[in-house]
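Single-structure report; data block below.
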Amino acid sequence: MTSLPVMAIGSDRLWCARLERILATRGDLSWMGTRSPGERAVRGEQPSLLLVDGDDPRVEHEIRSWRVALPHRLYFYRSPTVTALQDCVRSGASGCLEKDASPETVLRALRAVGAGLFAVEPALMLRAVLSSWNELPPVDAAAFAHEPPHPSLAQLTQRQREIVQWAAQGLSNKQIARNLGISPETVKTHLHHAFERAGVSGRVALSAAQWANHGGEAAAPQDLGAR
């Protein structure tokens with residue numbers, strides 16, 4: 001990410017101030033500051049990435065009224081829901097995050113968007129996938145191989161079902177890989193295929209799998225688990 005012009009727009013002052021603290025001193029992007037909805041823009045001011053307060057409907061209404069090509073948009077919510085994620089995907093946005101996401105998560109999201117990926121924490125993506133199936137039963141590693149597949153997982157291979165169930169509990173790719181004795185890259189590939197079989201678009205599915213893969217040790221269950 002090289003001098004990416006980034007601006008935030010929203011009415012949540014605490015969120016705006018937090019972004020200011022995280023991004024203002026970064027040397028690998030051009031921080032353009034924050035704007036409130038309805039505030040007049042400076043002439044010639046055009047960010048490449050817009051960080052959007054998804055909790056304020058006035059912001060979305062204003063963005064849609066702009067008579068310029070929309071920049072990449074990364075939406076932030078107090079509590080991102082499956083519906084919010086689906087709205088982001090349908091609107092052509094570049095990601096969906098929680099407002100209280102760690103600074104490392106925010107920066108990782110900016111890098112992902114700069115690389116053309118969709119930024120979303122795997123747990124939220126899994127919630128979206130699982131909502132189209134049914135709630136998954138807890139993983140019982142000892143009994144897993146001997147039980148028939150849950151009806152909602154019948155379209156997946158046994159390995160994909162096992163990985164999806166571990167991931168749904170918030171384990172990172174590295175943690176799943178250690179549990180199963182395979183590589184994190186293999187876990188990422190299985191998640192990608194599982195997302196696609198569930199009808200999630202290839203770009204978003206691959207992005208979610210890559211996002212989890214790059215999370216490393218920071219992707220602990222308490223960080224990535226369903227909220």
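For Glu62, the side chain to side chain donor-acceptor pair (under 3.5 Å) partners at least two apart in sequence or on another chain are Arg35. Asp56 is linked by a salt bridge (Lys or Arg N to Asp or Glu O under 4.0 Å) to Arg58, counting only residues two or more places apart in sequence or in another chain. Remark: Ser183 engages Thr186 in a side chain to side chain donor-acceptor pair (under 3.5 Å) (not counting sequence neighbours). Contacts of Glu104 classified as side chain to side chain contact (heavy atoms under 4.5 Å, CB included), with partners at least two apart in sequence or in another chain: Ser102. Legend: residues meeting side chain to side chain contact (heavy atoms under 4.5 Å, CB included) with Ser36, ordered by chain and number and at least two apart, are Glu39.
Leu49 is not listed as a side-chain neighbour of Pro5, based on a closest heavy-atom distance of 4.5 Å or more. Side-chain contact between Val89 and Phe118 is present, with at least one heavy-atom pair separated by less than 4.5 Å. Within the 4.5 Å cutoff, side-chain heavy atoms of Cys96 are placed close to those of Leu124. At a threshold of 4.5 Å between non-hydrogen side-chain atoms, the residues Pro47 and Val6 do not count as touching.
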Query raised in the report: Please walk me through it: do Leu74 and Leu97 pass side-chain contact (heavy atoms from CB on, under 4.5 Å)?
Result: CA-CA 8 Å; Leu74 178 55; Leu97 289 182; 4.2 Å; yes
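Here salt bridge (charged side-chain N to carboxylate O under 4.0 Å, His left out) pairs that include residues 75-92, with residues two or more places apart or in two chains, are Asp55-Arg78, Asp87-Arg90. The side chain to side chain donor-acceptor pair (under 3.5 Å) analysis of residues 13-22, with sequence neighbours excluded, yields the pairs Glu20-Trp31.
Under a 3.5 Å cut-off, the side chain of Arg73 and the backbone N or O of Ser91 do form a donor-acceptor pair.
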